[in-house]
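Below is one structure; the comments refer to it alone.
A note on names: the letters A, B, ... follow the listed sequences, proteins ahead of strands, and every chain is numbered from 1.
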There are 2 protein chains.
Amino acid sequence: MKLSTTIRYGTRLMLDMAEQQGKGPIRIKTIAKRQGISEKYLEKIVRLLRKAGLVDGLRGPGGGYMLAVPPDKITLADILEAVQGKVELCPCLNEPEQCDKHEDCKTRKVWNDINQTIWMKLKGITLTDLRDSACPSEEELGSPSHWSMKGIKV
Amino acid sequence: MKLSTTIRYGTRLMLDMAEQQGKGPIRIKTIAKRQGISEKYLEKIVRLLRKAGLVDGLRGPGGGYMLAVPPDKITLADILEAVQGKVELCPCLNEPEQCDKHEDCKTRKVWNDINQTIWMKLKGITLTDLRDSACPSEEELGSPSHWSMKGIKV
DNA sequence: CTTAAATCATACTAACAAGGTATACTTCAA
DNA sequence: TTGAAGTATACCTTGTTAGTATGATTTAAG
């Protein structure tokens, strides 16, 4: 029930790119410094995003990375899937046969439910949403806030 | 983003007890066999639940464990907290000072949002809800289902 | 009063994943 | 042709998870 740094760093990286969009390729070194994350580690992460087709890499001097897709077409679910694969909350959701009780398991429904809810949320939040959002104050963090899900409130 | 076996086993254990409620103390050995989980491992987990005051233990022959609280007063959040402590989706939610960017971090809001949503769900589902629910068919698992949250639809 | 059934408690280990480094290679603009 | 960048892989260190082993303690039943 924890987000890996891969996800968190990956998201910040993508958000950073969305904010710098239109300014040409951005070097990992720059983002690493700006975000305070290890350069080599970020490189590793951005390569996953590249493989997933979310960013494009330009080699050589003056090179760097840039979004391969407009930021309003990139959701947090895309990012998460790119860096971690389609992770389910518990194994029996993907591969029921792993658990011999799966036919008679009431808990499966709950985990599936929460799992779905999380994915719905993630699918509903784009990089644009994130970029245009305000930084939360400490008080605001208490209750769940509302995100526009491609226009519709989640 | 994965549930530990501790949570999953702990939930099944509690559900098992809710189903057997009123029949006196139940031995771990029995539940372990019924649920197909290692006995020693379950012992370890149930001790956490005991410490949290969710179950009572009765020693000696004829002893076992039983719910210390009526099942409609026990939510999945209680169970999760008992076996894992108050886990947040990412460290910066509990201890902002851990991340020196926390004041200027838009992603924090999203993680907080999802975090809150998960906890709201967990708090809304009691052992009674679970016990009285139907086992899901494979098709049903696709979309998020609706759980009564102490009477109110979640 | 003894025995055995159960909880209770701690220590240990193996396996795995996460987080991060190091090294070396390719590509390509200046 | 040089060096700045991406690309790729291998490695390492640390922490967590999942599970086992061993034994002590309590107590009802015989």
Side-chain angles (χ1 to χ4, degrees), chain A residues 1-13 17 24-33 35-68 80 83-85 87-91 98-99, chain B residues 1-13 17 23-33 35-68 80 83-85 87-92 98-99:
Chain A
M1 287 285 285
K2 262 202 182 337
L3 293 170
S4 62
T5 55
T6 316
I7 294 176
R8 292 188 282 123
Y9 292 176
T11 306
R12 280 162 65 188
L13 178 125
M17 283 189 168
I26 309 161
R27 285 176 303 161
I28 283 300
K29 184 179 266 180
T30 309
I31 300 184
K33 196 165 287 180
Q35 297 287 338
I37 304 172
S38 145
E39 189 183 329
K40 283 292 175 193
Y41 195 36
L42 255 195
E43 263 185 21
K44 201 183 201 169
I45 295 172
V46 81
R47 226 171 300 133
L48 297 170
L49 294 164
R50 206 197 96 89
K51 256 186 195 157
L54 296 181
V55 300
D56 277 331
L58 224 72
R59 292 169 154 200
Y65 288 95
M66 48 206 312
L67 296 185
L80 203 141
V83 300
Q84 298 245 301
V87 186
E88 303 286 344
L89 213 54
C90 87
Q98 276 215 359
C99 176
Chain B
M1 289 283 284
K2 262 201 183 333
L3 293 170
S4 62
T5 55
T6 315
I7 295 175
R8 292 189 282 121
Y9 292 176
T11 307
R12 280 162 66 187
L13 177 123
M17 283 191 170
K23 299 188 183 170
I26 309 162
R27 287 175 302 161
I28 283 300
K29 184 178 265 181
T30 309
I31 300 184
K33 196 166 285 180
Q35 297 288 338
I37 303 172
S38 145
E39 189 183 327
K40 282 293 175 192
Y41 195 36
L42 255 196
E43 262 186 25
K44 199 182 200 169
I45 295 171
V46 82
R47 227 169 299 132
L48 297 170
L49 294 165
R50 208 198 97 89
K51 255 186 198 159
L54 297 181
V55 300
D56 277 331
L58 224 74
R59 292 169 154 201
Y65 288 95
M66 48 207 312
L67 296 185
L80 204 141
V83 299
Q84 298 244 303
V87 186
E88 302 287 343
L89 214 54
C90 86
C92 62
Q98 277 215 358
C99 176

Rounding to an integer number of Å, can you tell me how far [X] [atom1] sits from [N] [atom2]?
| X | N | atom1 | atom2 | value |
| --- | --- | --- | --- | --- |
| A/D56 | D/dA5 | CG | C1' | 15 Å |
| B/R27 | C/dC8 | CZ | P | 15 Å |
| B/L3 | D/dT17 | CG | C1' | 14 Å |
| A/Q84 | C/dA17 | CD | C1' | 10 Å |
| B/R8 | D/dT17 | CZ | C1' | 11 Å |
| A/K2 | D/dT16 | NZ | C1' | 11 Å |
| B/I7 | D/dT17 | CD1 | C1' | 12 Å |
| B/I37 | D/dA18 | CD1 | P | 12 Å |

Point to revise | Candidate nucleotides D/dT27, C/dT26, C/dG19, ranked by approach to the side chain of B/R59 - the nearest | key: D/dT27
Practice item. Please tell me which of the listed nucleotides, D/dA18, C/dG20, C/dC28, lies nearest to the side chain of A/P61? Key: C/dC28
Point to revise | Name of the residue among A/I7, A/T6, A/T11, A/T5 meeting side chain to side chain contact (heavy atoms under 4.5 Å, CB included) with A/Y9 | key: A/T5
Exercise for review: Check the pair B/M17 / B/I31 against side-chain contact (heavy atoms from CB on, under 4.5 Å), numbers first and verdict last.
Suggested key: CA-CA 8 Å; B/M17 283 191 170; B/I31 300 184; 4.0 Å; yes
Point to revise | DNA chain C: 5'-proximal contact among B/G60 and A/G62 (nearest heavy atom) | key: B/G60
Point to revise | Contact nearer the 5' end of DNA chain C, comparing B/K51 with B/G63 | key: B/G63
Review point. Closer than 4.0 Å, any side-chain N/O of B/T5 to the OP1 or OP2 of D/dT17?
Key: no
Point to revise | Distance test, side-chain N/O of A/Y9 to OP1/OP2 of C/dG20, below 4.0 Å | key: yes
Side chain to side chain, [X] and [Y], heavy atoms closer than 4.5 Å:
| X | Y | answer |
| --- | --- | --- |
| A/L48 | A/L54 | no |
| B/K44 | B/S38 | no |
| B/L13 | B/I28 | yes |
| A/Y65 | A/L49 | no |

Check your understanding: Contacts to DNA chain D from residues 38-50 of chain A, heavy-atom cutoff under 4.0 Å, which residues?
Key -> A/E43, A/K44, A/R47, A/R50
Practice item. For A/R12 and A/Q35, indicate whether the former's side chain and the latter's backbone hold a donor-acceptor pair under 3.5 Å. Key: yes
